Number of protein chains: 2
Amino acid sequence: MRNKILEQAIRLFGSSGFEGTSIQTIADAVGIKKPSLLYHFNSKAKLRDEVYKHLFDHWKSELPKLLATTSEDPFGSFIKALVEYFQDDPNRSKIAVREMLDRPEFVRKVISEELRPWVKLVSDYIRMGKQSGVVVEDIDPESYIILVIMMVIGTVAVGDVLSSLVVQENIDTDKVIIEELKRIGRKALFKKS
Amino acid sequence: MRNKILEQAIRLFGSSGFEGTSIQTIADAVGIKKPSLLYHFNSKAKLRDEVYKHLFDHWKSELPKLLATTSEDPFGSFIKALVEYFQDDPNRSKIAVREMLDRPEFVRKVISEELRPWVKLVSDYIRMGKQSGVVVEDIDPESYIILVIMMVIGTVAVGDVLSSLVVQENIDTDKVIIEELKRIGRKALFKKS
DNA sequence: CCTACCGATCGGTAGG
DNA sequence: CCTACCGATCGGTAGG
């Protein structure tokens, strides 16, 4: 039951936002009464925290594995894992973006404590590539990483909306945007690509 | 008075979202009573529409001018204008992102009708550069444009949050991210840069 | 997990 | 532009 509630909360918080979703609506979607929902999660705020935690925990366990893997194309495999996770349920990136807008201080604190060491690892790795001559010299590793993450999350969260700047119907526009994202990322990172 | 209401609505919709902002809160911020606000804007939905229209109208008038200007660095001047507009009041990009999440169908319709011709112009321009040999061959112009816009809006809307992936205090992180954004954009667009 | 109920706040109207 | 007021819905509790 608890998981069924979390599932519907993720879906509804993603499409309508936290303030735009009442616990009544979530309870209806699950098929229970409001007080029953509040038995599992003591308050709406508590439910939000657990939704957030649920989505975040994936990366706390997955990132170490991902960055430890040796691959002949570390860039490609990292982007692929990032895209796959968010594309698997677009509500994940929608919630991520919404949280950054709704609770900037909270998100800042969390990613600063939990994710920064890993970003440091990647930026050091880029700096090494710079010294060994495979990475372009004028890159700013930290900004580069932030912008790539921004493109990935942005594409999955609102890419279908922005793609109407370009085409009427949009089946699979995501795929071609992701391909271009990889091309841009590579071109801006490597000397030869 | 009407403008004072719009001003506060933009500020509050930006920071707390449409559903997260009551007309009471807006009225308080302006210093009038709720029914007085509803005299100027008949309903909350109507107020949202006018806020949206107010922000959008800028581009309907500015884009033609911007794209008609001949410059020795069209890329640089375009990015600069885009960044300056959004940075002038970060609530603009926050509202843009929020609208894409909250009302995807509506935003899709609006940008499809109003902005698509201009994006077509830019993508044709990129294609010309491709033929004349100054632009890289493997670019997908439409996806490229979408991703650049995504980076700009993303940087202004949530760049300060994501920058905590990298630094503790963030004064002027925006500026260095925007510089890296331009570098990435150029590198992925031009053969020589 | 439910019924019954709470005060507070929501968007909005009547009427001046 | 205000006072006074509306029904509906909000998050949440008591009690079984």
Side-chain angles (χ1 to χ4, degrees), chain A residues 1-56 91 94-95 98-107 110, chain B residues 1-56 91 94-95 98-107 110:
Chain A
M1 188 77 285
R2 223 176 157 278
N3 278 334
K4 255 163 91 177
I5 296 172
L6 273 175
E7 192 182 299
Q8 294 302 318
I10 289 172
R11 189 178 61 81
L12 289 162
F13 287 165
S15 59
S16 310
F18 179 74
E19 300 285 354
T21 306
S22 64
I23 45 179
Q24 183 64 258
T25 306
I26 300 170
D28 288 349
V30 175
I32 57 174
K33 300 293 171 183
K34 197 173 53 168
S36 310
L37 187 152
L38 285 163
Y39 163 75
H40 293 283
F41 302 89
N42 303 321
S43 71
K44 198 190 177 188
K46 185 83 186 148
L47 174 57
R48 166 171 41 189
D49 289 344
E50 302 229 24
V51 162
Y52 197 74
K53 197 177 168 301
H54 185 260
L55 298 179
F56 201 79
N91 289 312
K94 286 183 189 169
I95 289 175
R98 286 188 187 280
E99 279 292 316
M100 288 188 255
L101 290 168
D102 290 343
R103 301 196 294 172
E105 281 314 321
F106 175 72
V107 176
V110 173
Chain B
M1 187 75 289
R2 223 175 157 280
N3 279 333
K4 256 163 89 179
I5 297 172
L6 273 176
E7 193 181 298
Q8 294 302 319
I10 288 171
R11 189 178 61 81
L12 289 161
F13 287 165
S15 59
S16 309
F18 178 74
E19 301 285 353
T21 307
S22 64
I23 44 179
Q24 183 65 258
T25 306
I26 301 171
D28 288 349
V30 174
I32 56 175
K33 300 293 172 183
K34 197 172 54 168
S36 310
L37 188 153
L38 285 163
Y39 164 77
H40 293 284
F41 303 88
N42 302 322
S43 72
K44 198 190 176 188
K46 184 87 187 146
L47 174 58
R48 163 168 47 187
D49 289 345
E50 303 228 24
V51 163
Y52 197 75
K53 196 178 168 301
H54 183 260
L55 297 179
F56 201 79
N91 289 312
K94 286 183 189 170
I95 289 176
R98 284 188 187 281
E99 280 291 317
M100 287 189 256
L101 290 168
D102 290 343
R103 300 195 296 172
E105 281 313 319
F106 175 73
V107 177
V110 173

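Chain letters run A, B, ... following the sequence lines, proteins first and then strands; every chain starts at 1. From a predicted model like this one, the values you see are computed outputs, not experimental measurements.
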Check your understanding: Got a sec? Which of residues 11-34 of chain B come in under 4.0 Å of DNA chain D, heavy atoms?
Key -> B/I32, B/K33
Study note, to complete from the structure: Of all heavy-atom pairs linking B/L6 and B/H54, the shortest is CD1-CD2, 4.2 Å
**Study point:** Taking every non-hydrogen atom, the tightest pair across B/L12 and B/T21
**Key:** O-OG1, 3.2 Å
Exercise for review: Decide side-chain contact (heavy atoms from CB on, under 4.5 Å) for A/R103 and A/R48; before the verdict, give the C-alpha distance in whole Å, the side-chain angles of both, and the deciding distance to 0.1 Å.
Suggested key: CA-CA 12 Å; A/R103 301 196 294 172; A/R48 166 171 41 189; 3.5 Å; yes
Practice item. Kindly compute the distance separating CG (A/L47) from CG (A/L37), expressed to the nearest 0.5 Å. Key: 6.0 Å
**Study point:** Closest non-hydrogen atom pair, A/V51 against A/I10
**Key:** CG1-CG1, 3.8 Å
Practice item. Please answer whether the main-chain N or O of B/I26 pairs with a side-chain N or O of B/K34 as donor and acceptor at a distance below 3.5 Å. Key: no
Review point. For D/dC5, what is the paired nucleotide under Watson-Crick or G-U wobble rules, both distances under 3.5 Å?
Key: C/dG12
Exercise for review: With a 4.0 angstrom cut-off to heavy atoms of chain A, pull out the first and last contacting nucleotide of DNA chain D, in 5'-to-3' order.
Suggested key: D/dC10 to D/dT13
Practice item. Start with the C-alpha distance between B/I95 and B/F18, add both sets of side-chain angles, then the distance that settles side-chain contact (heavy atoms from CB on, under 4.5 Å), and finish with yes or no. Key: CA-CA 9 Å; B/I95 289 176; B/F18 178 74; over 6 Å; no
Point to revise | Note: A/R98-B/D102 ion pair, threshold 4.0 Å (strictly below) | key: yes
